[in-house]
Amino acid sequence: FSVANGNTRIFIGSLPSTVKEADIKTLLSKFGAVIDCHILKDGNGISKQCAFVQFEDHHSGNSAIGTLDNIVFMHGADKPIRVSWARTRF
């Protein structure tokens, strides 16, 4: 799997179940403009503890991955968040 240099969408895993999209945007906005943030939920509306975030540019996503992946804990989490490039489905 390879990521094109134009990719601006990242995947965040190991989120606490109580996290809100506003919390994620606050954490990530220091890396650049967040265009979209979507927490994945099951059929009952319960968080799957992961999200997709789209930045305005590739550099912002790259900075977030390099700074946050497996390092930063969000409030209420028992392990660090995982941050990587989102994979495109074909």
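Source: prediction; values computed, not measured. Numbers here are sequence positions counted from 1.
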Residue pair Gly13 / Cys50: nearest heavy atoms and the distance that separates them: CA-CB, 4.1 Å

Interatomic spacing from CZ in Arg9 to CH2 in Trp85 - rounded to 0.5 Å: 12.0 Å

Among Val19, Leu27, Thr26, the one residue meeting side chain to side chain contact (heavy atoms under 4.5 Å, CB included) with Asp23: Val19

Gln54 (side chain) donor-acceptor with Cys37 (main chain) under 3.5 angstrom: no

Rounded distance [0.5 Å steps], CD1 in Ile10 versus CZ in Phe55: 4.5 Å

Nearest atoms (heavy-atom pairs only) where Glu21 meets His38: OE2-CA, 3.6 Å

Spatial distance of atom OG (Ser47) from atom NZ (Lys20) [nearest 0.5 Å]: 9.0 Å

Backbone N/O of Ile46 and side chain of Asn44: donor-acceptor pair under 3.5 Å: no

Between CZ on residue Phe52 and CZ on residue Arg87, distance to nearest 0.5 Å: 10.5 Å

Residue pair Asp57 / Ser60, side-chain donor-acceptor N/O under 3.5 Å: yes

Donor-acceptor under 3.5 Å (His58 side chain, Thr8 main chain): no

Which pairs would a plain distance check flag for residues 62-75, meaning a side-chain donor or acceptor within less than 3.5 Å of a matching protein atom at least two apart in sequence or in another chain?
unit_1, atom_1, unit_2, atom_2, d
Ser63, OG, His59, O, 3.1
Thr67, OG1, Ser63, O, 2.9
Asp69, OD1, Arg82, NE, 3.0
Asp69, OD1, Val83, N, 2.8
Asp69, OD2, Arg82, NH2, 3.3

Heavy-atom pair with the smallest gap, counting every atom of Ser14 and Lys79: OG-CE, 3.7 Å

Exam field: side chain Gln49 to backbone Leu15, donor-acceptor pair closer than 3.5 Å: yes

